[in-house]
2 protein chains.
Amino acid sequence: MPTDATPRPTIYDVAQRAGVSKSLVSLVLRDAPHVSEARRDAVLAAIDELGYRPSRAASALASQRTRTVGVLIDDFHNPWFVELLAGLRSVLDPAGYTASVADLALETASGRKPVDGFLAQHVDAIVIAADLAPGTLERVGVPIVVAGLRELGARDAGRAVDVVAGDDELGGRLATEHLLRLGHTRVAHLAGHSGPGDARRRGYESAMLAAGLEPITTGGGATTEAAGYSAACALLEAHPHVTGIVAANDVMAVGALAALRERGLSVPADVSVVGHDDSPLAAYRYLALTSVDGHSADVGAAAARALLRRLDSPDAPAHRELLALDLVVRGSTAPPPT
Amino acid sequence: MPTDATPRPTIYDVAQRAGVSKSLVSLVLRDAPHVSEARRDAVLAAIDELGYRPSRAASALASQRTRTVGVLIDDFHNPWFVELLAGLRSVLDPAGYTASVADLALETASGRKPVDGFLAQHVDAIVIAADLAPGTLERVGVPIVVAGLRELGARDAGRAVDVVAGDDELGGRLATEHLLRLGHTRVAHLAGHSGPGDARRRGYESAMLAAGLEPITTGGGATTEAAGYSAACALLEAHPHVTGIVAANDVMAVGALAALRERGLSVPADVSVVGHDDSPLAAYRYLALTSVDGHSADVGAAAARALLRRLDSPDAPAHRELLALDLVVRGSTAPPPT
DNA sequence: TTGAAAGCGCTAACAA
DNA sequence: TTGTTAGCGCTTTCAA
């Protein structure tokens, strides 16, 4: 039983009112060519007067496509995803697609496989912005675009998967070179295990080696504030004389700030800290983290374009796009103490 | 043209395989009573073997309900919503409903009215967890539940609207009384203009008046870190001797921390700070904010239950539920300097 | 450039 | 307890 007393107008009502056939209305809706101005205007007017909204259900059923794309985010707690989403939508919306957003952590908590919800919705495509267990994408049957440097990009899924990401290895290098250029020599890395995290670690290590310095890496598990704190504690225990820390992301950097403060070390006077993601956190005046900006909005937009392209030509070869990124210098970095 | 070569199995295939009729399969799917064990098992087996997934589009079209509820969040940047969503889903999922989440800020940016996306999706109901412009909910036509103390709860929409919220006025009182009990007398409020923000301000003011103290309120606009910073600057300019600050939320509290540090004031030795929301931010060791925990997960679950109830009985009188909340004491509060 | 008509996969009476 | 049968509102050939 419908909640509403007045039934919604259908395409049929619009057709009647405009004095045309259902099919013509359908054509106008998807602004097909070869429709006369007069008819088009009549239809548009009727739509307006009736307050007509097409039924997605009916359209999905008839066309066998939902015009919905699933977007899987790793964890809503870490605010890096907000810009990615904005970028995705800036391209998807005008193309008539709706983004259906899910959080891997929540999805996993509810017991089913992370993409099951999307498949039940019959999304037309999926954007993956999270690290997945191997095999999760087998037999998914819809195009997949990976946003961010996730390992599964190449393998898994047994078919062409497009990858659009910031060049996180470059990011790790930029962060490290910034500290080296300031004069630091004892620079350590708080690693986080994730697609981007691993790339950032590689970037850090290559920059250190290129400078003839020995990399010091701790952590390598979770990418949370708590993990950043523990890794920094372990680091300061083992290497009390570090003057620079490159963290795998901003929340880990915030964890490191706490560890440093506990030991009476001040930032940036005693130790400089660099984060990654340039998340809203980094910009908070109280934290003022120097951070690598991954331009998530651009990544999102590019990922959406890749998606639309693949929807057009399902058999095109896999496409891999690495976007440049840059460092935002704030108050958490300075030359080492003399 | 479908992306996949093999067409998905339909309810008809399942029926054939199980040796029953379509309707019986439909009944089993919605686990209706009065279906024999044998047939049910046969159907379930067939579903399993075929890897059948019901088509939401077809079901929505036939039943005129999408089993989807729209959830409108104020701003993904402020992580308070994560627990609310978890609470909502803990009730909605088992009931067979899918949450479709949108961000008011993003939605507004894309130029259309914030709920238009939901209406286009034909959601069965909407959860509002944001402050809306007047008139936004007129003629929406589906049940609405407001999560949080949003002004529009009572009026607007011209019909019964349920409200489930934390008792934010109590929250404001709890935060203030905590400081008073520690011995503070010059306690100020950084106000934010939002439903919960206004209630928190009232709570602060009533606690001050009850203690025979004069309320000092600044801010009252945005609820961001930047707004918290400016309001705190203005406050410290006008009232340099405050020893306690109650912020309308955690991000504003973080803004205040920066303003205090700039003036050489330390927290909590010189000034104590209390936030609201007990968001992930508050728990970061580096911030360690004492904060009012609004139990968002409980609010979410209760809101979802209210929704299901209203879907059952659309004409029930409006329901308003205020949940208790409590204070989480961390390192940002202490007795005032002597 | 437009219209007629046949489904898309499911639900929900109604019959049996 | 189970099967039959109309649609739900739209897309999409195919003809006109």
Side-chain angles (χ1 to χ4, degrees), chain A residues 1-4 6-44 46-47 50-68 96 119-122 124, chain B residues 1-4 6-44 46-47 50-68 96 119-122 124:
Chain A
M1 140 196 16
T3 316
D4 214 340
T6 16
R8 316 188 128 283
T10 75
I11 199 175
Y12 193 77
D13 301 318
V14 174
Q16 284 224 308
R17 174 135 193 164
V20 301
S21 75
K22 275 168 38 172
S23 335
L24 232 214
V25 176
S26 182
L27 289 178
V28 170
L29 282 176
R30 287 169 291 128
D31 47 32
H34 310 309
V35 175
S36 71
E37 274 303 311
R39 306 274 200 174
R40 176 192 303 288
D41 291 347
V43 170
L44 258 23
I47 286 176
L50 261 33
Y52 167 76
R53 292 171 188 282
S55 153
R56 291 180 146 252
S59 141
L61 184 57
S63 69
Q64 300 292 67
R65 47 223 303 292
T66 53
R67 297 205 160 262
T68 296
L119 297 182
Q121 273 181 79
H122 293 259
D124 290 346
Chain B
M1 141 198 14
T3 316
D4 215 339
T6 15
R8 318 189 126 283
T10 75
I11 197 175
Y12 191 78
D13 302 318
V14 175
Q16 284 224 310
R17 173 135 194 164
V20 301
S21 76
K22 276 168 37 172
S23 342
L24 232 213
V25 176
S26 182
L27 289 177
V28 171
L29 282 176
R30 290 170 287 131
D31 47 34
H34 310 309
V35 175
S36 70
E37 273 304 312
R39 305 276 197 170
R40 174 191 305 287
D41 290 347
V43 169
L44 290 173
I47 286 176
L50 260 35
Y52 166 76
R53 291 172 189 282
S55 154
R56 292 180 146 253
S59 142
L61 184 57
S63 68
Q64 300 293 67
R65 45 226 300 293
T66 54
R67 296 204 160 262
T68 296
L119 296 182
Q121 272 182 77
H122 293 258
D124 290 345

All side chain to side chain donor-acceptor pair (under 3.5 Å) counterparts of [X], not counting sequence neighbours:
X	result
Ser26(A)	Arg30(A)
Arg17(A)	Glu49(A)
Ser55(B)	none

Looking only at non-hydrogen atoms, find the nearest pair between [X] and [Y] and report the distance.
X	Y	value
His122(A)	Arg53(B)	NE2-O, 4.0 Å
Ser21(A)	Ala15(A)	C-CB, 3.7 Å
Asp124(B)	Arg67(B)	OD2-N, 2.7 Å

Can you tell me if [X] touches the phosphate of [N], counting only side-chain N or O atoms and a distance under 4.0 Å to OP1 or OP2?
X	N	result
Tyr12(B)	dG7(C)	no
Arg30(A)	dT12(D)	yes
Ser63(B)	dC10(C)	no
Gln64(A)	dC10(D)	no

Next item on the list: With DNA chain D as reference, determine whether Ala60(A) or Ala62(B) sits nearer its 5' end, using the nearest nucleotide of each.
Entry: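 Nearest nucleotide further toward 5': that of Ala62(B).
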Check: How far does the helix from dT1(C)-dA16(D) to dA16(C)-dT1(D) bend, going by the axes of its first and last five pairs, to the nearest 10°?
Finding: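 Axis angle across the helix from dT1(C)-dA16(D) to dA16(C)-dT1(D), nearest 10°: 30°.
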Margin query: Do Ile11(B) and Tyr52(B) make a side-chain contact, defined as non-hydrogen atoms from C-beta onward lying under 4.5 Å apart?
Written below: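 In short, these two side chains touch, coming nearer than 4.5 Å.
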Note to self: Nearest 0.5 angstrom please: Arg56(B) CZ to Thr68(A) OG1, how far?
What the structure shows: 10.0 Å
Notebook entry, point to check: Roughly how far apart are Thr66(B) OG1 and Leu61(B) CG, rounded to 0.5 Å?
Noted result: 12.0 Å
What is the distance, to the nearest angstrom, from the [atom1] atom on [X] to the [atom2] atom on [N]?
X	N	atom1	atom2	answer
Arg67(B)	dC8(D)	CZ	P	20 Å
Arg65(A)	dG9(C)	CZ	C1'	18 Å
Gln16(A)	dG9(D)	CD	C1'	14 Å
Leu61(B)	dA12(C)	CG	C1'	13 Å
Ile11(A)	dG7(D)	CD1	P	19 Å
Leu50(A)	dG9(D)	CG	C1'	14 Å
Ile47(B)	dC10(C)	CD1	P	10 Å
Arg56(B)	dT11(C)	CZ	C1'	16 Å

Next item on the list: State which residues pass side chain to side chain contact (heavy atoms under 4.5 Å, CB included) with Asp13(A); sequence neighbours excluded, sorted by chain then number.
Entry: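 If we apply the side chain to side chain contact (heavy atoms under 4.5 Å, CB included) test to Asp13(A), skipping adjacent residues, the hits are Pro9(A), Thr10(A), Leu50(A).
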Note to self: So if I take every side-chain heavy atom of Ser36(A) and compare against dT1(C), dT11(D), dG9(C), which nucleotide ends up nearest?
What the structure shows: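 Closest nucleotide to the Ser36(A) side chain: dT1(C).
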Note to self: Of the listed nucleotides (dC8(D), dT11(C), dC10(D)), which one gets closest to any side-chain atom of Ser59(A)?
What the structure shows: dC10(D)
Listed pairs, N/O of protein and of nucleotides 3-5 of chain C, under 3.5 Å:
residue: dG3(C); atom: OP2; partner: Ser21(A); partner atom: N; Å: 3.0
residue: dG3(C); atom: OP2; partner: Ser21(A); partner atom: OG; Å: 3.1
residue: dA4(C); atom: N7; partner: Ser23(A); partner atom: OG; Å: 3.3
residue: dA4(C); atom: N6; partner: Ser23(A); partner atom: OG; Å: 2.8

Checklist line | Touch class at under 4.0 angstrom, heavy-atom based, for Ser26(A) against every strand present | finding: base
